[in-house]
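See below for the structure under consideration.
Residue numbers start from 1 in every chain, and the chains themselves are labelled A, B, ... in the order their sequence lines are given, proteins ahead of strands.
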Amino acid sequence: MMKPLPRHFYLAETLTVARSLLGCLLWRRTPEGVTSGIIVETEAYCQGDAASHAARGRTPRNASMFGPPGHAYVYFTYGMHHCFNAVTRAEGVAEAVLIRALEPVEGLELMGRRRGTDGRQLTNGPGRLTQAMAIDRTLDGADLTEGDLVIHGPAAGARDIVTATRVGITRARDEPWRFYLAGNRWVSKRQGGG
DNA sequence: AGAGCGATGGCCT
DNA sequence: GGCCATCGCTCTA
């Protein structure tokens with residue numbers, strides 16, 4: 001059986017964690033039921049990274065990024081979308097990995113009810129997967145090694161990983177800090193990467 | 001106290 | 001491919 005990724009997994013370099021999370025399973029439990037999916041696309045946000053929410057220092061919104069590793073950083077953006085990150089590095093170092101797409105495994109019907117759609121549209125984007133799995137700001141800071149929102153892994157062995165540039169940012173556009181599983185149909189966008 | 005804007009997605013063309 | 005809804009957070013005054 002897969003076990004929750006241990007705390008020390010998230011202490012590694014953020015670029016390494018971003019790649020290592022590919023193929024791991026994001027698992028979520030609510031009173032409605034369980035949903036889960038394999039992580040197929042990630043982005044790294046690092047210290048000194050102009051595109052990071054932590055670039056201008058600590059605020060109430062981004063405080064979780066400065067917290068201990070292996071916890072969630074969930075933020076709300078564009079007035080309607082939540083995005084989910086796994087916090088990396090030691091406490092005080094504000095780095096994180098944005099989860100951008102999942103390949104659904106459990107609870108597809110529940111995801112469909114939450115999303116009002118099905119198929120690829122369930123989880124092929126950062127705002128979509130949070131809606132499908134009922135992840136919002138109440139989970140900001142949640143421990144990802146136990147509880148109702150856990151990352152297990154790895155779900156499968158080594159696969160081909162594509163390196164690309166990140167999506168939807170205006171600063172540090174050229175940094176190759178997006179990673180996804182080659183050929184996976186759940187990846188949100190395939191262009192980019194220079 | 002208020003303006004500006006964003007790690008997006010849905011819908012239209 | 002383009003438009004734009006929608007609102008919390010940040011910055012400036």
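Both thresholds, 5.5 Å between centres and 30° between ring planes, are met by A/Y78 relative to the base of B/dG6, so the two rings are stacked. Residue A/Y45 and nucleotide B/dA7 are classified as a stacked aromatic pair, their ring centres being separated by less than 5.5 Å at an interplanar angle below 30°.
Between A/H53 and B/dA7 there is a side-chain polar atom (N or O) within less than 4.0 angstrom of OP1 or OP2.
Using a 4.0 Å heavy-atom cutoff across all strands shown, A/R166 reaches no nucleic acid atom at all. Across all strands shown, A/L98 has heavy atoms under 4.0 Å from base atoms, whether or not it also approaches the sugar-phosphate. Within 4.0 Å of A/R115, counting heavy atoms only, lie sugar-phosphate atoms of the nucleic acid but no base atom.
Ring geometry for A/Y73 versus A/Y75: interplanar angle of 30 to 60°, hence tilted.
For A/Y73, taking side-chain heavy atoms from C-beta onward, the closest of the listed nucleotides B/dA7, B/dG6, B/dG10 is B/dA7. In the set B/dG9, C/dC7, B/dA7, the nucleotide with an atom closest to the side chain of A/P126 is B/dG9.
For A/H53 and A/Y45, the ring centers are positioned 6.0 Å apart or more.
Within 6.0 Å of CD in A/Q121 there are more than 12 heavy atoms belonging to other residues, nucleotides or ligands.
At least one side-chain heavy atom of A/L26 sits less than 4.5 Å from a side-chain heavy atom of A/L102.
Comparing A/R137 and A/M80 against DNA chain C, the residue whose closest nucleotide sits nearer the 5' end is A/M80.
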